Amino acid sequence: MIRLTTRHTGLSLALLASLPLVACGGEAEAPEAPPEGTVPGIEISDARLVLPPVSGNPAAVYFDIAYSGDRGISITGAEVEGAGRTEMHDMMEYDFEMTMAQANDVALANGTEVSFEPGALHVMAFDLDEGLAAGDTTEVTLKISGGGRHKFDADVRAAGEER
């Protein structure tokens, strides 16, 4: 037989009384899941697809990306809705002249900010759907190392509009 003394009983009551406080204050809210089709930590801004001045030529996609994820990743390619194929391009010097060529993967670490912009890194969209017109939006998907994909909308602009 177990005998509870006043000291044990007081301690037991104090512990029981504190349980609701621990349960209420001890629960952390689950982190919000990222939207479907996105990679946590990637933020895209100023996304735009600039139509070519000559029909049949490729369009260019420009945007700014900021990455705040926990692990390093790379952009390995891109897809553009309404384009038959895409390539990432960059400007580089070759034989003392600036030229455009396919870009290597773009590495992103926590705190990295990269601009895909005219005269530098950008996405070329070939074999455009004739239905794409200035004022529309189109979906761009970045292919991420490890099989991830990050989707975002880009405004479609005419060739003469601000790039």
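Because the structure is a prediction, the values reported are computed rather than measured.
- Nearest heavy atoms, Ala134 versus Ala158: CB-N, 3.6 Å.
- Residues Ile44 and Ala47 approach most closely at CG2-CB, 4.1 Å, considering heavy atoms.
- Linking Ile, Leu, Val, Met, Phe, Trp and Tyr whenever their side-chain heavy atoms come within less than 4.5 Å leaves Met124 and Leu51 in two separate clusters.
- Between the Asn110 side chain and the Gly69 main chain, a donor and an acceptor come within less than 3.5 Å of each other.
- Checked against a 6.0 Å centroid threshold, the rings of Phe116 and Phe63 count as neighbours.
- Met92 and Met98 are not part of a single hydrophobic cluster, where members link through side-chain heavy atoms under 4.5 Å apart.
- In this structure, Ala125 and Ala83 approach most closely via the heavy-atom pair CB-CB, 3.9 Å.
- The environment of Glu43 atom CD is sparse: at most 12 non-hydrogen atoms of other residues, nucleotides or ligands sit within 6.0 angstrom.
- Counting all heavy atoms, side chain and backbone alike, Ser74 lies closest to Asp105 at CB-CB, 4.2 Å.
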side-chain contact (heavy atoms from CB on, under 4.5 Å) between Thr86 and Phe126, worked out: CA-CA 6 Å; Thr86 59; Phe126 298 87; 5.8 Å; no
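- Taking OG1 of Thr99 as the start and CE of Met91 as the end, the distance is 6.5 Å to the nearest 0.5 Å.
- Here the side chain of His122 pairs a donor or acceptor atom with the backbone of Ala120 at under 3.5 angstrom.
- At a threshold of 4.5 Å between non-hydrogen side-chain atoms, the residues Leu128 and Val80 do not count as touching.
- Contacts of Glu139 classified as side-chain hydrogen bond (donor to acceptor under 3.5 Å, both in side chains), with partners at least two apart in sequence or in another chain: none.
- To the nearest 0.5 angstrom, Arg157 atom CZ is 13.5 Å from Asp136 atom CG.
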Step-by-step side-chain contact (heavy atoms from CB on, under 4.5 Å) determination, Gln102 to His89: CA-CA 4 Å; Gln102 279 195 286; His89 285 184; 3.9 Å; yes
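- Seen from the ring of Tyr62, Arg48 does not count as a face-on cation partner, given the 6.0 Å and 45° thresholds.
- When each of Leu121, Ile42, Val114, Ile65 is tested with Ile75 by the rule side chain to side chain contact (heavy atoms under 4.5 Å, CB included), just one qualifies, namely Ile65.
- Put simply, the residue from Thr137, Val50, Thr138, Val61 that forms a side chain to side chain contact (heavy atoms under 4.5 Å, CB included) with Val156 is Thr138.
- Closest heavy-atom contact between Ala107 and Thr112: O-CG2, 4.2 Å.
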Chi angles and distances behind the side-chain contact (heavy atoms from CB on, under 4.5 Å) call for Phe152, Thr141: CA-CA 6 Å; Phe152 59 94; Thr141 303; over 6 Å; no
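- Heavy atoms only, all atoms of each residue included: Ser115 and Asp64 are closest at OG-OD1, 2.7 Å.
- Contact annotation: the side chain of Val140 never approaches that of Glu81 to less than 4.5 Å [non-hydrogen atoms, C-beta and beyond].
- Looking at Asp95, its side chain never comes within 3.5 Å of a backbone N or O of Glu97 through a donor-acceptor pair.
- Between Glu79 and Arg149 a salt bridge is recorded (basic side-chain N to carboxylate O distance below 4.0 Å).
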Verdict with supporting geometry, Met88 and Val106, side-chain contact (heavy atoms from CB on, under 4.5 Å): CA-CA 9 Å; Met88 285 193 317; Val106 178; 4.2 Å; yes
